[in-house]
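All remarks here apply to the structure that follows.
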Amino acid sequence: MLTKAKGHLQTHFGYDEFRKGQEDMIQKVMEGKDTLGIMPTGGGKSVCYQIPALLLRGVTVVISPLISLMKDQVDALDKAGIPSTYINSALSSDEMQDRLAGIYNGEYKLVYIAPERLETPSFLRLLEGIHISLVAIDEAHCISHWGHDFRPSYLHIKKLISSIQPKPTVLALTATATPQVRNDICDLLHIDEQNTVMTGFERENLHFQVVKGQDRDRFLLDYIGKNKGQAGIIYAATRKEVDRLHHFLEAKGLSAGKYHAGMSEKERNDHQERFLYDDITLMVATNAFGMGINKSNVRFVIHYHIPRNMEAYYQEAGRAGRDGEESACILMFAPQDTQIQSFLIEQSDMEEVRKENEYSKLRKMVAYGHTESCLQQFILHYFGEENPPECGKCGNCTDDREQVDATVETQMVLSCIRRMNERFGKTMITKVLTGSSDKKIKSFGFDQLSTHGIMKDKTQKDVSEFIDFLTAEGYLRPTDGAYPILMLTEKAGNVLRGKEPVLRKERVRISQIVEDNDLF
Ligand code: ADP
């Protein structure tokens, strides 16, 4: 069977070897096992259902939320000599009838449908009349409330699967699955967790970097200046900021495209096409840009503001270097930007429990900005990989500042938190450590603690940042919600008992960075 699969890989797709995970996934599908496949963006998920579609009898139904991508996929399959079609709301009713007739007559091996179709009972009945051997679900995390892109229409997939006789094999695919999302997908689609195929999330050609304490516009200009002619995406959090940055770059003589949901469709398509065809190399955009775009030579992705969670970050940053060439993913981190994202969560109409979950995810993203450990390791760890190695090339791995011993300072913070009974958040803890004696502090009697004012030689900002660092490095665990309480972890216990030292990179004064910046 696998020899045949490889034959198809060569004749239809022109590749000699399977990539990591592809063979395993195809084997499972061919054995009729319902499977969850997790691979990073660009890992090559499509062939994992396209090749089985060729080997199996009847039709493979592919559920995909990206209408724009459907057409591209079907066009590409046409070129590869694989009969396929798609059905979505963009078709006229004549086209729809033609295609449905084609499906009945067995003219296609693959049929792509948008999940919204599944909400129409008459459409489900139509599918009952054809032989469907495989249902492939792209972007399967959309089925989970805990994912970063929940779509209610995905919940109808279950109905589709149970209405088809005999039962088809199910292949759920995603690039972003935390353990929580993974469980949800398996539960909702009745996939045995043992049938999960997960390839490493590592993208070897990506260099991660966090930039902080710098004038962002200057950094941007400098970076673009040093990387002239290379394609890059700059993500900003709001339409207004996209407009401003776009204007700023153009005013500096750099031609750039822009993309956000406030522009007309024509305008957006126009800018997008120009970027895709290398007519312009820079694109300034909100997160509305990028879904379903397959531009392989993007050399850098810069986030001007922090995104709402690690899933979104890795997906957006991962648009760099799809061709395997060395590429950079830079996050410009200013802790105050977190407020934009908190505001968006607060304003959303999510249920309270989901909001809390979103806050927790945002906090992980903030921790990414604060960590001094390997950035790639941090990401891989977030996505559930155990003991990922250090990459040796990210901004933190290559940071050659001296490490200084911060054990005593850490012990001060930790013992203060313990004395406050682990019931308060960062602001209160900072106040006690720096010796504030406001009404609230007095009412709790914290001005009487031995740790009150123990760090009074430092500014509140420095102490607050130090607490962020300790949280990012796993000494403190924040509770859920908008105003988390900080609690001690096991690792913190080790430091308090003097069993583990804490090392931190030597601080560089902001004024020094600004002076350096003045050089360009
Ligand atoms: P994903 O859906 O995981 O983001 P795609 O299925 O779009 O990724 O594949 C990404 C790219 O990798 C495509 O250009 C595809 O043709 C290519 N690709 C897939 N499988 C292989 C392979 N075995 N060898 C080389 N390239 C491959």
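Order of listing sets the numbers, starting from 1, for every ligand and every atom in it. For clarity, every value in this text was computed on a predicted model and none was experimentally measured.
Using a 4.0 Å cutoff on heavy atoms, S296 does not count as a contact of ligand 1. The closest approach between a heavy atom of M39 and any atom of ligand 1 is not below 4.0 Å.
Protein heavy atom in closest approach to atom 26 (N) of ligand 1: R19 NH2, 3.2 Å. Looking only at protein heavy atoms, the nearest one to atom 23 (N) of ligand 1 is E17 O, 2.8 Å. The closest protein non-hydrogen atom to atom 9 (O) of ligand 1 is G44 CA, 3.4 Å. Summary of contacts: the protein heavy atom closest to atom 20 (N) of ligand 1 is Q22 NE2, 2.9 Å. Protein heavy atom at the shortest distance from atom 4 (O) of ligand 1 is G42 N, 2.6 Å.
The residue from F18, Y15, F13 that puts a heavy atom closest to atom 16 (O) of ligand 1 is Y15.
Annotation: cation-pi geometry satisfied between K295 and F275 (NZ/CZ under 6.0 angstrom from ring centroid, within 45° of ring axis).
The atoms of ligand 1 that sit less than 4.0 Å from any heavy atom of P40 are 3 (O). Listed by atom number, the atoms of ligand 1 under 4.0 Å from R322 heavy atoms are 4 (O). The distance from ligand 1 to the heavy atoms of S46 drops below 4.0 Å at these ligand atoms: 2 (O), 5 (P), 6 (O), 7 (O).
Residue V47 has no N or O atom closer than 3.5 Å to an N or O atom of ligand 1.
Between the side chains of S144 and D184, at least one donor N or O lies within less than 3.5 Å of an accepting N or O.
Using a 4.0 Å cut-off between charged nitrogen and carboxylate oxygen, K258 and E267 do not count as a salt-bridge pair.
Residues A334 and R216 share a closest heavy-atom pair of CB-NH2, 3.5 Å.
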Q) Step by step, would you call L36 with C186 a side-chain contact (heavy atoms from CB on, under 4.5 Å)? A) CA-CA 7 Å; L36 167 62; C186 288; 3.9 Å; yes
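Side chain of Y359 to main chain of R354: no donor-acceptor pair is present (N/O by atom type, distance under 3.5 Å, no hydrogens or angles). Remark: the backbone N or O of N195 is not paired with any side-chain donor or acceptor of K28 at under 3.5 angstrom. Of the possible polar contacts, one joining the N105 side chain to the A101 backbone as a donor-acceptor pair under 3.5 Å is found.
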